Amino acid sequence: DGTDADGWIVAYACGKRPVTPASNVNTTVGQVRSNAASVEVSAAGTICLLNKGATHIVVDLLGAAPAGSSFVPTAPKRILETRASEGRVNYTGAKPLANQIIELKVAGGSTGVPADAGSVYINVTGTANDAPGFVTVFPCGVNPPTASSINVETVTTAGLVAADVGEGGRVCLLTSSSMHVVVDLMG
């Protein structure tokens, strides 16, 4: 709330500031924005918040995964970027079209996620959309479900998604309208 300029906020374990751009929530002047995030904590039990653009920040704790649990948080890492202006990551071609499916390798590759991972936590952002729409994330190798993972109206929208990993260590992203898609690995 009280955002002075469009921007973003990223949460991370203090002392492990991300070296690649990532965001947990995108801020927009005149709008209150929220999102869920799964964040690694530092050895001291702290998280840090980095923001681009002056804004008020409210953090609500929703839960915790104890050390040694099967969930392995990671420092935020950009694993998909469809915008040429932002230096495409794991994508070639033009802006994704309506009803386009993007296949993204998330396990057993350069992401650092083990090949046998059953699911991943990713932050999915839809931006520069031509019309209101949504992004649906699902395991590659199955038909897309009739559900949305994030809904994108007229502004950049991000959301945390727990996604099952499909064939070949991939997740698929279906865009319902033409829009750029950004994915940051969270765990």
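Positions are given from 1 along the sequence. All heavy atoms count here, side chains included; hydrogens, waters and symmetry mates do not. Worth saying up front: this structure is predicted, and the values here are computed from it rather than measured.
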- Task: Give me the one residue out of Val171, Ile150, Val182 that meets side chain to side chain contact (heavy atoms under 4.5 Å, CB included) with Val124.
- Result: Ile150
- Query: How long is the gap from NZ on Lys77 to CG on Asp184, to the nearest 0.5 Å?
  - Reply: 11.5 Å
- Are the side chains of Asn123 and Pro76 in touch, meaning some heavy atoms are under 4.5 Å apart? no
- Query: Is it true that atom NZ of Lys52 has more than 12 heavy atoms of other residues, nucleotides or ligands lying nearer than 6.0 Å?
  - Reply: no
- Item | Short side-chain to backbone donor-acceptor contact, Thr175 and Ala98, under 3.5 Å | no
- Item | Distance-minimising heavy-atom pair for Ala107 and Pro114 | CB-O, 3.4 Å
- Query: Hey, are His180 and Thr127 close enough side-chain-wise for a donor-acceptor pair under 3.5 Å?
  - Reply: no
- Query: Under 3.5 Å, side chain of Asn90 to main-chain N/O of Ile79, donor-acceptor pair present?
  - Reply: yes
- Query: Side chains of Asn24 and Val10: closer than 4.5 Å at any heavy-atom pair?
  - Reply: yes
- Query: Would you say the side chain of Thr111 lies within less than 4.5 Å of the side chain of Lys105, judging by non-hydrogen atoms?
  - Reply: no
- Query: Side chain of Asp130, backbone of Ser177: donor and acceptor closer than 3.5 Å?
  - Reply: no
- Counting only N and O atoms by type, is there a donor-acceptor contact under 3.5 Å from the side chain of Asp6 to the main-chain atoms of Val29? yes
- Sidechain-backbone polar pair: Thr82 side chain, Val181 backbone, donor-acceptor under 3.5 Å: yes
- Just by distance, do the side chain of Ser178 and the backbone of Pro96 share a donor-acceptor pair under 3.5 Å? yes
- Item | Pair listing, side-chain hydrogen bond (donor to acceptor under 3.5 Å, both in side chains) test, anchored in residues 9-19, at least two apart | Lys16-Glu40
- Item | Donor-acceptor under 3.5 Å (Ser42 side chain, Ala13 main chain) | no
- Query: With no hydrogens and no angle check, is any side-chain donor or acceptor of Ser149 less than 3.5 Å from a backbone partner on Val137?
  - Reply: yes
- All heavy atoms of Val135 vs all of Met179, minimum pair found to be CG2-SD, 3.7 Å
- Message: Using only atom types and a distance under 3.5 Å, with no angle test, would you say the side chain of Thr157 pairs donor to acceptor with the backbone of Val155?
- Response: yes
- Task: For Asn26 and Ser23, work out which heavy atoms get closest and say how close.
- Result: OD1-OG, 3.6 Å
- Query: Is the OH atom of Tyr121 crowded by more than 12 outside heavy atoms at less than 6.0 Å?
  - Reply: no
